[in-house]
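So you know, we letter chains A, B, ... as the sequences are listed, proteins then strands, and number each from 1.
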Protein chains: 2
Amino acid sequence: MTNIRKIAEMAQVSPSTVSRVLNGYAYVSKEKEEAVWKAINETKYRKNINAVHLRKGKTFLIGVVIPFTNHPYFGQLIEGISEMAIEHHYNLVLFQTNYHEKKEIEALNMLKHKQIDALLICSRTSPLKTIKEYLDYGQIVLCEDTKEESISSTFVDHYQAFTMALSYLHKNGHTKIGYCIGRRSGANSQKRERAYKDFMQRKNGILREDHIFEDCLYFEDGEHVVKQIMEMEDSPTALLVTSDQVAAGILVSCENKQLSVPDDLALIGFDNQPISKMMKITTIEMNLIKIGRNLFLQAIDGQVEMKKEIAVQLIRRGTV
Amino acid sequence: MTNIRKIAEMAQVSPSTVSRVLNGYAYVSKEKEEAVWKAINETKYRKNINAVHLRKGKTFLIGVVIPFTNHPYFGQLIEGISEMAIEHHYNLVLFQTNYHEKKEIEALNMLKHKQIDALLICSRTSPLKTIKEYLDYGQIVLCEDTKEESISSTFVDHYQAFTMALSYLHKNGHTKIGYCIGRRSGANSQKRERAYKDFMQRKNGILREDHIFEDCLYFEDGEHVVKQIMEMEDSPTALLVTSDQVAAGILVSCENKQLSVPDDLALIGFDNQPISKMMKITTIEMNLIKIGRNLFLQAIDGQVEMKKEIAVQLIRRGTV
DNA sequence: GCTTGCGTTGAAACGCGTTTCATAAATTAT
DNA sequence: ATAATTTATGAAACGCGTTTCAACGCAAGC
């Protein structure tokens, strides 16, 4: 295996100069630079990345914790993250947790053992207390409002976003509003629940536990929601659906059941995924790619704003 | 930062002995071993993984090339891969290509620059010729039959699987059979097309280009297929659907359009995904997790059988 | 009593790119 | 013309765990 010293010898320069050429530093004469490149090309030299990592004390790996890879919400998040990763010559190590705390701890331990430089948790299961114990070992970034906590984060104001969506429905004459969500226990979900309950109480809307639909993650989950609604006595006239996929599923299911959208049931999706545009679903854009990008930048650079809120936007289309 | 030499000093032994303790080698006396552990615990020593990588000449990273992360086919494949990766203390670097060749080349170049030890290509876009140029730089494993080629692979016999499924439909009285596929250009897709055309010709079945439905990847794509079929004059009475997701979408769509399955339209899905069990869809099990596991093993170990075929199995349920 | 061999241990080499420090030469500033 | 920079380059140190080689001690074998 040819190394930098051999190149140096061939080009009649010192290893330092080879390194300088390789990394594009100034202060190398044209002749020597050319000699070095010539030797590099002749030998097909490739630098040993592990030596670089050792010297720099970094692995250039960022861990990314997500519950599922097969959901477009996380798909977009990863897209943003990965875009920045490429730009900064980092690689990503994915940890799919399926919301098992054990998997999350595994990722945290990778950070502890310096297998990764930083950890990005897109959706967590373990308590903040646990996560904080690992802060000494490297940067950890969350995707939720960490307010007074000392943990970096990029997030949207889910309380405000939900309130905005609810107001919009209310203005359109709805008082019986329900919502669909993936799981109720997440930090962001709790914020949404708080917003929902506060709003419904404030506006004297009808607040019923069975107007909250759990386990709504995929397209096919929409059908189940419609079925439940149709069997319900006092069913909601509008739904906040925290995933455009599910909103699309609900929409299709409604069409098939001769339920008119928005007349019988109004819908607001979330994320502004391609499918919502295709199916003309009114939605809340979260700019997940932007969130992803910022998450990454926080992970590699302590300088970046420690807590960054990303604005959301109501996109009016045809389902309200 | 405390390192192995400091531990050695504290425990009054040599660095070699510390290394031996750390790696669980025999031939270390109890007293010294205990002394070493004591020092390790006191200092909260964590070993520098980059030094290990440098010394061992490996990164313990395996690249995985997939077109999309958000499809359960690849989700299961990754599950198998990742299971083995954990067991063998490797990490995965995901390259999502969206079928862009450029992205695939990026991954191949990572191998060239020794950023990853091996590359696992689950679905490729670039020609075999290109891939072969990178074989010198590390192990590359494909997920398709590489027959006479000198590239490792784990695969299923798609020709045989398709033929089996077609036979089953034929035996059940179908001659007008169509099929749904993601893209037609992939190596595996071409095998399937070959099988389809051969079979239809052999059995004098009706072979029409418009009985081949492209771009069928997700649940929602099923609706489009049903729509097309209903508008068709001489529509197929049975479909091979190369993804259970799509088969489920078709099934739902049929129900809504008062089409009876299997009487009006018979369906055979692929992959035996959870959804097919839930919805009682007859399917071809591919054992993707097993494939994933084997792909990984081939990537890290030249010893493992170079080409491995994984058997498929027809799972009879309610849609034929 | 001497050879053989296993158990145990440490010194030193190894993998290799980066970076600091010192020095020399060439410019520019005063 | 002299001092102060800037440019250019190399030697050596550095990061650090692993592994090989040699050696020593002690026990078993002849």
Does the side chain of [X] get closer than 4.0 angstrom to OP1 or OP2 of [N] through an N or O atom?
X       : N      : value
A:Ser29 : D:dT9  : yes
B:Tyr45 : D:dG17 : yes
A:Lys56 : D:dC14 : no
A:Lys47 : C:dT18 : yes
B:Asn23 : D:dG17 : no
A:Ser19 : C:dT18 : yes
B:Tyr25 : D:dT19 : yes
B:Ser14 : C:dT9  : no

Take the protein atom [atom1] of [X] and the nucleotide atom [atom2] of [N], then report the distance between them rounded to whole Å.
X       : N      : atom1 : atom2 : answer
A:Glu31 : C:dA26 : CD    : C1'   : 14 Å
B:Lys58 : C:dC16 : NZ    : P     : 16 Å
A:Ile4  : C:dG17 : CD1   : P     : 5 Å
B:Ile7  : C:dG10 : CD1   : P     : 15 Å
B:Arg5  : D:dT18 : CZ    : C1'   : 10 Å
A:Gln12 : D:dG10 : CD    : C1'   : 14 Å
A:Tyr27 : D:dT9  : OH    : C1'   : 13 Å
A:His53 : D:dG15 : NE2   : P     : 18 Å

Checklist entry - Under 4.0 Å between a Lys/Arg side-chain N and an Asp/Glu carboxylate O for A:Glu101 and A:Arg124? => result no
Item to check | Pair B:Arg20 + B:Glu33, salt bridge at N-O below 4.0 Å | outcome: no
Could you tell me if [Y] and [X] have a donor-acceptor pair between their side chains, going purely by distance under 3.5 Å?
X        : Y        : value
A:Asn109 : A:Tyr134 : yes
B:Ser82  : B:Arg293 : no
B:Thr154 : B:Gln298 : yes

Checklist entry - For A:Val18, which contact category applies under a 4.0 Å heavy-atom criterion: base, sugar-phosphate, or nothing? => result nothing
Checklist entry - Relative to the 5' end of DNA chain C, which residue comes earlier, A:Arg55 or B:Thr17, by the nucleotide with the nearest heavy atom? => result B:Thr17
Item to check | Among C:dA11, D:dG10, D:dG17, the nucleotide that comes nearest once only the side chain of B:Ala51 is considered | outcome: D:dG17
Checklist entry - Does any N or O donor sit under 3.5 Å from an N or O acceptor when you compare the side chain of A:Arg20 with the base of D:dG10? => result yes
